[in-house]
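Encoded as structure tokens, the structure appears first; notes follow it.
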Amino acid sequence: MKQLPGETIRLLSSSQVITSVVSVVKELIENSLDASATGIDIKLENYGFSKIEVRDNGSGIKVDDVPVMAIKHYTSKISSSEDLERLTTYGFRGEALGSICSVSEVLVTTKTAADDFSIQYALDSNGHVTSKKPSHLGQGTTVTVLNLFKNLPVRKQFYSTNRKCKEELKKVQDLLTAYGIIKPDLRITLTHNKAVIWQKTRVSDHKMACMSVLGTAVMSSMVPFQQCCEYPEINLSGFLPKAESDSSLTSLSSSERSFIFINNRPVLQKEILKLIRQYYSQATQKDSTRLYPVFFLSITVPASAVDVNITPDKTQVLLHYKESVLLAVENVLKSLYGPLPAAVPGESNKTDVTSEDMFVHRTDQTDVAVNEMGPSGNDELHAHTSFLSLSSDVQNCQAGKNAEICLNHQTFSGDNVHSRLDKREVSKSDAFPDSSLNLLGEEEQNGRNMADIQSNSVPVDPESKKA
Ligand SMILES: Nc1ncnc2c1ncn2[C@@H]1O[C@H](COP(=O)(O)OP(=O)(O)O)[C@@H](O)[C@H]1O
Ligand SMILES: [Mg+2]
């Protein structure tokens, strides 16, 4: 047995972190957001394979930190694993810049508020600074990535077709859309070969952010919601399609407009997506089970209740009390769409998500299955449904003139009530003894503009702050 040369080790581990153009863009914009940027400009040439440039107006990198900024496992964001309990930043592993250096040529131009002028640094494949020169750029950081995958010919070949390149560009745009929604006050532009192909201006809140990226027609078919649960601490907010919405407006054949965030991080959560699809498709009476509703769901839990260190791209997360989060989501869905019909034994579930889909990247998760669903995921979801289908001791409370439906007094009967609740009623569960659900009654929405609705429903999420 022989130990691999350092260069090879670096290349192998880096190419797991940096798998595509979109993964470079994701890492760089997350660095910009961690540096409190309010404006990010992304410029691609040749779909990013010739050049990716991400410029921000954030805090910049201190001169003292420059020599180690791209050395693997150097980070300004955490000092030890205990800090993960209080994580407020997207980054924490100190891997991205170093990994990008291993698979491309990198220039970093940066200036902090204390610096007189910016300096451009050239880095080698180990992340060491090889040269520097003054630059005219203002405060913030610009990372320029040239010749991506120059030393990974198979990967480069994989992305060599026009179709793959266009798919990659679409993924970049979808990624920016997600950050555009979760960060309303962020300005973003995406330029490809010198043409601006997508942009978002700064807006005041999530509703305006959704309006700007999803369009007003779609947003007028959406209903805002908010659910708070004190123990365990879970906050849900966002927008879902109204039960009577036109599904040609509020759904797509893919999940690209199904936005789920956990602590401001865009995540793939197939179980939550499946739940939302189930309720949405029964409410809109759509046969086509392939429809993915357009929605925005922001889940906030204490940092200590999430493990984001599951996959290199951090899109998979483990929640310490995932079942409670699923129940909270289901509570919102029931209130909006009514309960799901009872499962007929032996009949397959209405949506076409297989039990395998319940495990995203199964191999990644098998050895860390905290609160994992059982292999019979569908059955377990019905168990939740039964648990949440409760007796009708409903409390409708008028929240001033806005007449919000409030859910805060709950009794659990354990009955399996599958009849659809009246639209004015809400389902209840002592699974959330301290929870409150605010879902604006549909009648109240008619004739009210979205600004009114928004001001009552969706608080601005706590923003990530650099540690
Ligand atoms: N755009 C940026 N603005 C300010 N600092 C940055 C930026 N990009 C990188 N850095 C600094 O470089 C360090 C290394 O970045 P990275 O390799 O992505 O690791 P991580 O984000 O996990 O800390 C960061 O901790 C941060 O201090
Ligand atoms: Mg980073």
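Just follow the structure's listing: the first ligand is 1, and inside any ligand the first atom is 1.
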Inset, instruction - Applying side-chain contact (heavy atoms from CB on, under 4.5 Å), run through S20 and K171 and close with a yes or a no. - result: CA-CA 10 Å; S20 58; K171 282 186 196 161; over 6 Å; no
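Remark: K51 NZ to L146 CG distance equals 6.5 Å, nearest 0.5 Å.
Residue K150 places its NZ atom among more than 12 non-hydrogen atoms of other residues, nucleotides or ligands, all under 6.0 Å distant.
Remark: among candidates K62, M69, R55, the nearest residue to atom 12 (O) of ligand 1 is M69, based on non-hydrogen atoms. Closest heavy-atom approach to atom 1 (N) of ligand 1 within the set N57, I78, I71, D56: this belongs to D56.
The G91 neighbourhood of ligand 1 comprises atoms 21 (O), 22 (O), with distances under 4.0 Å to a heavy atom of that residue. For ligand 1, the atoms sitting less than 4.0 Å from at least one non-hydrogen atom of R93 are 22 (O), numbered in the order shown with element in parentheses. Using a 4.0 Å cut-off to heavy atoms of A35, the atoms of ligand 1 that qualify are 3 (N), 4 (C). Of all atoms in ligand 1, numbered sequentially from 1 with element shown, those under 4.0 Å from a heavy atom of F92 are 22 (O). The atoms of ligand 1 that sit less than 4.0 Å from any heavy atom of K77 are 20 (P), 21 (O), 23 (O), 24 (C), 25 (O). Residue-ligand proximity, E95 to ligand 1, at heavy-atom distances under 4.0 Å covers atoms 17 (O), 19 (O).
Residue contacts with ligand 1: L97 is placed with a nitrogen or oxygen under 3.5 Å of a nitrogen or oxygen of the ligand (distance criterion only). Of the polar atoms of Y74, none of the N or O atoms is found under 3.5 Å from an N or O of ligand 1, judged by distance alone. Checked by distance only, ligand 1 and S76 come closer than 3.5 Å through their nitrogen or oxygen atoms. An N or O contact shorter than 3.5 Å links G94 to ligand 1 by distance. On a distance-only criterion, I61 and ligand 1 share no N/O pair closer than 3.5 Å.
Using a cut-off of 2.8 Å, one finds that N31 contributes an N/O/S atom close to the Mg ion (ligand 2).
No side-chain heavy atom of K166 sits under 4.5 Å from any side-chain heavy atom of L169.
In this structure, a donor-acceptor pair under 3.5 Å is absent between the side chains of K72 and S102. Checked by atom type, the side-chain pair T112/D115 shows a donor-acceptor distance below 3.5 Å. Side-chain contact, N57 with T38: a donor N or O sits under 3.5 Å from an acceptor N or O. For the residue pair Y279 and E330, a side-chain donor N or O sits within less than 3.5 Å of a side-chain acceptor on the partner.
Aromatic ring pairs are classed by plane angle as parallel below 30°, tilted from 30° to 60° and perpendicular above 60°; the pair Y337 and Y280 is perpendicular.
At a 4.0 Å cut-off, at least one heavy atom of G60 sits close enough to ligand 1 to count as contact.
M222 pairs with exactly one of S245, P293, P241 by the side chain to side chain contact (heavy atoms under 4.5 Å, CB included) rule, that one being P241.
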